[in-house]
Amino acid sequence: MLQRTQSQELFQRAQKVIPGGVNSPVRAFKAVGGDPLFIKSAVGAYMTDQDGNQFIDLINSWGPMILGHAQKDIESAIGEAMKRSLSFGAPAQAEVEMAELITSMVPSIEKVRMVNSGTEATMSAIRLARGFTGKNKIIKFEGCYHGHGDSFLIAAGSGALTMGTPNSPGVTEGVAADTLIATFNDIASVKSLTNANEGQIAALIIEPVAGNMGCVPPQAGFLQDLRDLCDQENIVLIFDEVMTGFRLALGGAQEIYGVSADITTLGKIIGGGLPVGAYGGKEEIMDFVSPEGPVYQAGTLSGNPLAMAAGITMLSLLQTQPDTYQTLGKLTETIAVAIQEDLKSLGMGYTINRVGSMMSLFFTSEQVVDFKGASSCSTDTFSRYFQNMLKHGVYLPPSQYESWFVSTAITKDIAEKIIYASRLSLQSL
Ligand code: HOZ
């Protein structure tokens, strides 16, 4: 049994002053039962909660802690930057260095604008696409999540799906009417929307590897088909790489699948864990952003010096250690294959989806290629598995509809611990 006294006390206090006691819905553990654990610290592969329980972390702040927690170089870069003030609200060298790094690593990004979160990045990207094309509607995919901007809270994944509110109240009918919903991995569903809304679609936004209905990879040719259709219909193709950017490869999912976006949105990882986002793409489109162009977007904390220092260090470390991705991919594969063997020997129905260091286990014998597949698996079984894993010292994302993220701090020995914890967890389901 986990000792939870301190976490429970904090949760009682939190519920009196914070809606639901948490600052982001998935963290409330509503999908998996029980009360949330409050985290006190994290170092390397491990998180420690208020009661002193230690867990191997497979959330890794939903992606960015790719090098593990409290990475020394990132911490000292933040320390150095702190001495030069926490915020200027004026241009600084680090912002130029960051933009140079991003544009050198992601070929489709010729110019980039820094913001403060992935949500800001996606909101700004669709405004830009609308300003650039003079059209209003956007296409998104059922089960994909692009932050909590109004336009995206229609058939949304992640916490919206977990909480049963994929279409959030508070989003006006007008906004909802401008968001068209297609089926992931189904080009015919996209074509029927473009046919029915000819000349009206400004942008198509997609997580090239979906991470917010669990991990769901694109099928062969799907992203290229989207690219071709967008070119044909003069639609801005936006890849939301907030999770996949710099996690799957230096050039993100677009490098792996060989398909370029017109605009790419980035987040989390480019701040080394600090609150950062960015959107960037073709120069002719980015030059529509104010003050170069007429599409307005601004922010005092955009390009914040601490976030830039952390992000530059993170990206430079990844650039100088290119084998990181291969190592992470192999390690994640080892974990996935071992879990799969255990599921097989127990005769349980399962699907494991994995791309690089992102993976999800679905309790279903059907393939999971879209939202329908993801939502038809057994979330009850996942919840029990989650709780068992927690008891055995592994902290998974507290929802079926999230991806697991592996960090380089997870050594082979720690991977063995995850596999063993999973074996015990499956056996006692
Ligand atoms: N929606 C985020 C992951 N897809 C979770 C954010 C959080 O709770 O930190």
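When a ligand or atom number is given, it counts from 1 through the structure's own listing order. In what follows, residues are counted from 1 in the order of the sequence shown.
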For [atom], find the nearest protein heavy atom and state the residue, atom name and distance (0.1 Å precision).
| atom | answer |
| --- | --- |
| atom 4 (N) of ligand 1 | Asn212 OD1, 2.7 Å |
| atom 9 (O) of ligand 1 | Arg27 NH2, 2.8 Å |
| atom 3 (C) of ligand 1 | Glu402 OE1, 3.3 Å |
| atom 6 (C) of ligand 1 | Ser24 OG, 3.5 Å |
| atom 1 (N) of ligand 1 | Ser158 OG, 2.8 Å |
| atom 7 (C) of ligand 1 | Trp62 NE1, 3.1 Å |

task: Run through Tyr145, Phe222, Phe371 and flag the one making a ring-ring contact (aromatic ring centres under 6.0 Å, His included) with Phe184.
output: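 It is Phe222; the other options fail the test.
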
query: Against heavy atoms of Met243, which atoms of ligand 1 measure under 4.0 Å?
result: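 Once the distances to Met243 are compared, the set is 4 (N).
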
field: Note, Ile201 side chain near Ile138 side chain (heavy atom, < 4.5 Å)
entry: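 They are not in side-chain contact.
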
Is it true that [X] and [Y] have a side-chain N and a carboxylate O under 4.0 angstrom from each other?
| X | Y | value |
| --- | --- | --- |
| Asp342 | Arg423 | yes |
| Lys330 | Glu333 | no |
| Asp262 | Arg227 | yes |

query: Under 3.5 Å, is there a donor-acceptor pair between the Ser124 and Arg113 side chains?
result: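 No, no side-chain donor-acceptor contact under 3.5 Å.
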
